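Note that this is a predicted model, so its numbers are computed, not measured.
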Amino acid sequence: ATIRTDGFVSVHAGGKTGEMVTKPLIFEGKELVINYSTSAAGGIRVEVQDEAGAPIPNFRLEDCPVIYGDEIERVVRWNSGSDLSSLAGKPVRLGFEMTDADLYSIRWR
């Protein structure tokens, strides 16, 4: 038997779209990396929000192309790119919109 890297537990969304928002986080680094799995019809989008929960321009859900597949190390990208270094050291929330997907872990690098 094998266990997926960092895959012992996940946040799971079924066929109906679900949302999850983190508590405020302070990070170091410049890219958000996720470990995830979706069905062929599923997907994940990520939004970066300020501490109060307002979307940060260029990092809204609408700016994030749908992520689908099965990867243990996927850099999240928005239309403006993946560089989050301007937000490092500041409290942010991450909002996830998921359909038929599992999110196993998040990290910054």
Side-chain angles (χ1 to χ4, degrees):
T2 61
I3 296 178
R4 176 189 189 94
T5 302
D6 295 327
F8 190 67
V9 297
S10 71
V11 174
H12 175 76
K16 291 185 178 181
T17 301
E19 296 179 358
M20 178 192 76
V21 178
T22 68
K23 66 180 187 173
L25 306 167
I26 297 174
F27 70 92
E28 294 179 5
K30 75 180 243 182
E31 295 178 321
L32 175 64
V33 179
I34 62 173
N35 178 345
Y36 73 98
S37 176
T38 74
S39 72
I44 298 174
R45 291 193 305 164
V46 185
E47 176 172 84
V48 184
Q49 304 172 354
D50 65 18
E51 188 173 14
I56 295 176
N58 298 321
F59 301 106
R60 300 169 304 158
L61 280 177
E62 299 80 22
D63 302 319
C64 184
V66 177
I67 300 166
Y68 61 93
D70 184 352
E71 298 181 61
I72 60 171
E73 200 167 305
R74 167 75 176 255
V75 174
V76 177
R77 298 188 188 287
W78 293 266
N79 294 334
S80 60
S82 63
D83 187 353
L84 295 170
S85 60
S86 65
L87 302 173
K90 302 173 186 172
V92 297
R93 295 176 185 263
L94 296 176
F96 293 87
E97 180 185 83
M98 301 171 43
T99 306
D100 205 11
D102 287 284
L103 178 65
Y104 297 101
S105 66
I106 62 172
R107 69 181 178 94
W108 281 272
R109 66 171 181 201

Taking the side chain as every heavy atom from C-beta outward, state whether Tyr104 and Thr5 have any pair of such atoms under 4.5 Å apart. no

Can you tell me how far NE2 of His12 sits from CE of Met98, rounded to the nearest 0.5 angstrom? 8.0 Å

Show your working on side-chain contact (heavy atoms from CB on, under 4.5 Å) between Leu25 and Trp108 and close with a plain yes or no. CA-CA 11 Å; Leu25 306 167; Trp108 281 272; 3.7 Å; yes

Can you tell me how far apart CD1 (Ile44) and OG1 (Thr17) are? Round to the nearest 0.5 Å. 11.5 Å

Counting neighbours of OH on Tyr68 that are heavy atoms of other residues, nucleotides or ligands and sit closer than 6.0 Å, is the number greater than 12? no

Any Asp63 side-chain heavy atom under 4.5 Å of Ser80 side chain: no

Working to the nearest 0.5 Å, report the span between NZ of Lys30 and CG of Leu87. 13.5 Å

A side-chain contact here means heavy atoms from C-beta on lying under 4.5 Å apart; do Phe96 and Val11 qualify? no

Side chains of Ser82 and Arg77, donor plus acceptor under 3.5 Å: yes

Taking atom OG of Ser39 and atom CG of Asp70, what is their separation to the nearest 0.5 Å? 11.0 Å

Does a salt bridge link Glu62 with Arg45, judged by any charged N lying under 4.0 Å from a carboxylate O? no

Do the side chains of Leu94 and Val21 get nearer than 4.5 Å, heavy atoms only? no

Lys90 versus Glu51: any side-chain heavy-atom pair under 4.5 Å? no

Tell me whether Asp102 is salt-bridged to Arg4, with the criterion being a basic N under 4.0 Å from an acidic carboxylate O. no

Knowing that exactly one of Glu71, Arg74, Arg107 qualifies, which makes a side chain to side chain contact (heavy atoms under 4.5 Å, CB included) with Val33? Arg107

Looking only at non-hydrogen atoms, find the nearest pair between Met20 and Leu103 and report the distance. CE-CD2, 4.1 Å

With Trp78 as reference, evaluate Leu84, Asp83, Ile56, Leu61 under the side chain to side chain contact (heavy atoms under 4.5 Å, CB included) test and give the passing residue. Leu84

Could you tell me the separation between the CG atom of Asn35 and the CD1 atom of Ile72, rounded to the nearest 0.5 Å? 6.5 Å

What's the shortest heavy-atom distance between Gly43 and Ala101, and which atoms? O-CB, 4.1 Å

Ile67 vs Thr38 side-chain heavy atoms within contact, under 4.5 Å: no

Any salt bridge between Arg109 and Glu31, counting N to O under 4.0 Å? yes

Just so I know, are the side chains of Tyr36 and Ser10 near enough to count as touching, which here means a heavy-atom distance under 4.5 Å? no

